[in-house]
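Here the structure is laid out as structure tokens; the discussion comes afterwards.
Just so it is clear, the model here is predicted, and its values are computed rather than measured. Side chains are part of it too, since the values below use all heavy atoms of this structure and drop only hydrogens, waters and symmetry mates.
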Amino acid sequence: MRQWQGDGILFGGDYNPEQWPEQTWSEDIDLMRRAGVNLVSVGIFSWALLEPAPGRFEFGWLDRVLDLLHAGGIRVDLATATASPPPWLARLHPETLPRRADGTILWPGGRQAYCPSSPVFRERSLELVRAVAGRYAEHPAVVMWHVSNELGCHNVHCYCDVSAEAFRGWLRERYGDLDRLNAAWGTTFWSQRYGDWAEINPPRTAPTFANPTQQLDFLRFSSDEQRAQLRAERGVLATLVRQPVTTNFMIGTGVKHLDYRSWADDVDLVSNDHYLTAADPQAHLGLALAADHTRGVAGGDPWLLMEHSTSAVNWQPRNVAKLPGQLRRNSLAHVARGADGVLFFQWRASRAGAEKFHSAMVPHSGPDTKIFREVCQLGADLRALAEVRGSRVDADVAILFDWEAWWGVELDSHPSIDVQYADRLTALHRALWRAGVTADIIHPSADLGGYRLVLAPTLYLVRDADVAALHQYVEGGGTVAVTYFSGIVDENDHIRLGGYPGAFRELLGVRTEEFFPLREGEQVRLDDGSTADVWTEWLHADGAEVLASYTDGPLPGVPALTRHRVGDGAAWYVGTRLDEPATDRLVARLVDETGVRPAASAPSGVEVVRRRDDDRTWLFAINHTDAEVRLPVTGTDLLTGARCAGELTLPAGDVAVVREDRTGDPT
Ligand code: GAL
């Protein structure tokens with residue numbers, strides 16, 4: 001992956017100077033310098049200003065902004081400005097507006113009101129990219145290009161006639177002929193057989209459940225259409241600019257419909273946006289998961305946190321503000337997990353518009369505030385961490401993640417609505433977090449060779465080649481743990497016959513003949529003392545050793561947890577939804593049996609992660625508790641300059657980044 005120019009960790013945010021009078025711009029630059037900002041994303045939502053009428057471009061204000069930033073020593077991640085079309089586009093071309101499944105038109109007035117398959121949008125947006133890139137390719141402030149913004153955030157699924165035609169084109173590419181499509185979609189069911197491509201539509205609102213493979217293919221198509229915009233813009237940039245190109249992904253458990261794994265090769269560096277779920281008191285665990293996943297998408301390379309918030313957002317039901325110190329902990333947790341840049345949405349809080357109550361680096365109350373002081377502190381912290389840039393994160397555990405499995409498992413008409421893709425992923429990741437163990441979140445087709453332990457939560461849809469690779473990994477001495485409702489279907493969402501969990505039956509040495517989902521709130525107990533809910537199944541051990549069985553519920557005496565020795569490795573199956581203490585015990589056992597070590601032995605509530613390069617290691621320790629803690633480490637804390645000889649004392653809420661002494665270093 002290509003890197004950006006300059007040294008050290010990037011620091012800054014979205015800068016929207018067009019919302020402010022020009023006198024504010026110089027104050028902005030003074031404050032940015034005070035805070036240590038070194039990169040801002042400019043022009044993201046400025047299409048309507050840059051091209052006020054079709055083909056008429058006005059760049060004067062942007063020229064002045066970029067020159068001012070350059071003079072102030074602030075580098076620019078310049079947007080292609082295509083994120084949201086100007087109102088004239090819909091007026092001249094109403095056919096560019098997206099439609100919901102029920103036909104509702106999504107009108108301009110918010111943002112992203114365009115059909116992702118619209119050739120008119122594509123043409124106009126690329127013309128803008130040509131104009132912007134042509135003008136600023138050589139501008140000395142510009143070090144990076146920012147394609148669009150959160151592609152598909154609001155318009156990922158469009159069901160209009162233009163999209164329908166594009167969907168048919170995509171299906172022709174995939175299947176070649178209608179017989180193949182009919183077979184893949186299982187259209188002998190419910191009289192759905194297609195005799196002409198023109199009969200096929202997106203899964204628009206129907207009297208009852210739409211064909212599941214049609215739904216799955218529409219999800220694939222929709223993600224591909226968004227990626228096509230990225231590719232098209234990047235294609236234009238490639239002919240005009242030399243700086244690296246990125247676009248901000250939205251990796252996290254809240255955004256389901258964009259298969260970023262398939263997008264990763266279309267950017268020079270992976271960027272991500274992450275916002276805490278305010279309602280979750282453990283939101284920093286969600287942050288860790290998103291960061292581990294972003295790193296996985298980046299193939300383990302450093303990545304850029306393109307957006308997060310200094311404090312509250314404006315779009316959740318109750319927008320909880322960050323307590324003092326939280327901004328710092330959140331930001332440094334991203335760095336711990338592989339980010340080489342920390343940026344915010346946005347630099348200065350807006351006066352008007354739907355995001356006026358969203359926090360920013362400079363709040364409405366100005367710089368004499370907790371937020372701006374913490375921003376300045378973070379700037380200083382990141383300067384002190386410059387040497388960490390380019391290093392990688394240590395992880396001996398992999399969690400397998402596939403967007404297609406997510407899409408498949410949450411289709412309608414399934415055994416239980418309580419089987420949600422993020423559920424076991426989150427539970428297992430949190431158990432590892434609590435154990436101080438870092439996991440890479442990677443696609444099932446990724447190389448598993450370097451991992452001691454692989455977890456496969458709810459891998460409902462899985463490809464034969466990935467099953468074979470997992471088998472080989474276990475044969476060679478690896479350990480895998482698979483959770484219920486995995487291996488159930490192939491890529492067409494057709495059941496793998498002969499007993500569940502189809503694809504993994506042989507590897508796991510089990511065979512399930514029938515699912516027994518539980519009623520809402522119903523719990524079952526296991527003979528090892530665990531409690532579980534949501535899911536049970538009539539499972540037979542078929543070579544596997546039974547580690548725990550149900551003592552009550554619909555299946556007393558039936559195995560719930562098994563382990564199968566395969567070659568030099570082991571394959572565990574978790575046939576029910578263990579509660580948190582039981583999940584912690586399971587993970588502790590897996591970690592123990594596979595010799596996985598925590599980054600440091602840290603007290604509960606303290607996040608520990610290690611980054612390393614060829615000859616140095618850095619231990620990040622983030623104290624999320626309200627008590628002072630101690631942990632064993634020897635080295636120098638880059639944030640304070642203090643030495644720790646054997647033990648680090650970390651005050652409540654504080655962070656340390658210790659460059660660890662190498663054996664043989666003088667103490
Ligand atoms: C992101 C988006 C930004 C801003 C931010 C608010 O989704 O890229 O433009 O809207 O959310 O949290």
Side-chain angles (χ1 to χ4, degrees), residues 7-9 284 287-288 291-292 295 298 300-303 305 325 328-342 377-378 380-398 432-440 450-453 591-592 594-625 627-667:
D7 299 322
I9 309 277
H284 52 282
L287 181 161
D292 289 345
R295 185 177 68 253
D301 285 340
W303 51 278
L305 178 66
R328 183 171 187 251
R329 286 194 297 281
N330 291 166
S331 298
L332 296 179
H334 282 290
V335 177
R337 293 176 188 275
D340 270 4
V342 175
Q377 165 74 52
L378 180 63
D381 287 341
L382 295 177
R383 266 197 307 282
L385 296 186
E387 66 182 50
V388 172
R389 175 179 159 176
S391 61
R392 293 165 77 91
V393 175
D394 272 4
D396 286 336
V397 180
L432 288 167
W433 190 102
R434 288 188 287 270
V437 172
T438 308
D440 287 341
Y451 298 104
R452 288 173 180 271
L453 172 64
V591 158
D592 188 52
T594 53
V596 172
R597 317 279 316 152
S601 97
S604 138
V606 179
E607 183 172 0
V608 279
V609 184
R610 182 170 283 108
R611 285 183 70 158
R612 79 168 62 233
D613 67 10
D614 288 343
D615 50 12
R616 290 168 299 180
T617 60
W618 296 268
L619 181 75
F620 285 71
I622 305 171
N623 184 356
H624 295 279
T625 76
E628 179 180 284
V629 297
R630 286 167 217 288
L631 55 154
V633 51
T634 296
T636 305
D637 181 357
L638 300 181
L639 298 176
T640 58
R643 285 281 310 156
C644 16
E647 188 174 77
L648 165 74
T649 303
L650 197 57
D654 208 350
V655 183
V657 182
V658 178
R659 187 207 302 125
E660 296 171 293
D661 288 356
R662 289 163 289 200
T663 347
D665 277 357
T667 47

### Message
Less than 4.5 Å apart, side chain to side chain, heavy atoms only: is that true for Leu332 and Leu378?
### Response
yes
### Query
Within the distance-only criterion (no hydrogens, no angle test), does the side chain of Asp340 pair as donor or acceptor with the backbone N or O of Gly390 below 3.5 angstrom?
yes
### Message
Is it the case that the side chain of Arg610 and the backbone of Asp394 share a donor-acceptor pair, with hydrogens and angles ignored and the cut-off at 3.5 Å?
### Response
no
#### Entry: Sidechain-backbone polar pair: Asp637 side chain, Ala642 backbone, donor-acceptor under 3.5 Å
no
### Task
Please lay out, stage by stage, how Arg611 and Leu385 fare under the test side chain to side chain contact (heavy atoms under 4.5 Å, CB included).
CA-CA 12 Å; Arg611 285 183 70 158; Leu385 296 186; over 6 Å; no
### Query
What is the minimum heavy-atom distance between Pro632 and Ala600, and which atoms define it?
O-CB, 4.5 Å
#### Entry: Thr634 versus Gly646, closest heavy-atom pair with distance
OG1-N, 2.8 Å
### Task
Locate the shortest heavy-atom distance separating Pro598 from Ala435; write the atom from each residue and the value.
CB-O, 3.4 Å
### Task
Of all the heavy-atom pairs spanning Val609 and Ala336, show the shortest one and how long it is.
CG1-O, 3.4 Å
## Note on the structure
Rounded to the nearest 0.5 Å, the CG atom of Asp661 sits from the SG atom of Cys644 at a distance of 8.5 Å
### Message
Please determine whether side chain to side chain contact (heavy atoms under 4.5 Å, CB included) holds for the pair Val437 and Leu453, giving the CA-CA distance in whole Å, both sets of side-chain angles, and the decisive distance to 0.1 Å.
### Response
CA-CA 11 Å; Val437 172; Leu453 172 64; over 6 Å; no
### Query
Just checking, is any N or O donor in the side chain of Arg452 or Thr594 under 3.5 Å from an acceptor N or O on the other one?
no
## Note on the structure
The reported gap from CG in Asp381 to CG in Leu638 (rounded to nearest 0.5 angstrom) is 10.5 Å
### Contact check, side chains of Leu382 and Val335, non-hydrogen atoms, under 4.5 Å
yes
### Summary
When every non-hydrogen atom of Arg328 is compared with those of Asp654, the smallest separation belongs to NH1-OD1, 2.7 Å
### Query
Under 3.5 Å, side chain of Arg329 to main-chain N/O of Gly653, donor-acceptor pair present?
yes
### Query
Is any side-chain N of the basic residue among Glu660 and Arg612 closer than 4.0 Å to the acidic one's carboxylate O?
no
### Query
When the ring planes of His624 and Trp433 are compared, do they come out parallel, tilted or perpendicular, using 30° and 60° as the limits?
tilted
### Message
Surrounding CG of Asp614 (heavy atoms of other residues, nucleotides or ligands, distance under 6.0 Å), is the total greater than 12?
### Response
no
#### Entry: From CA spacing to verdict: salt bridge (charged side-chain N to carboxylate O under 4.0 Å, His left out), Asp396, Arg597
CA-CA 8 Å; Asp396 286 336; Arg597 317 279 316 152; over 6 Å; no
### For the student: nearest non-hydrogen atoms of Pro603 and Leu631, plus distance
CD-CB, 4.4 Å
### Query
Just wondering, do Val657 and Glu387 contact through their side chains at under 4.5 Å, heavy atoms?
no
### Main-chain N/O of Arg295 paired to Arg337 side chain as donor or acceptor, under 3.5 Å
no
### Query
Within a strict 4.5 Å, meaning less than it, do heavy atoms of the Leu650 and Ile622 side chains meet?
no
### Query
Taking 4.0 angstrom as the limit, do Arg392 and Asp440 come out as a salt bridge?
no
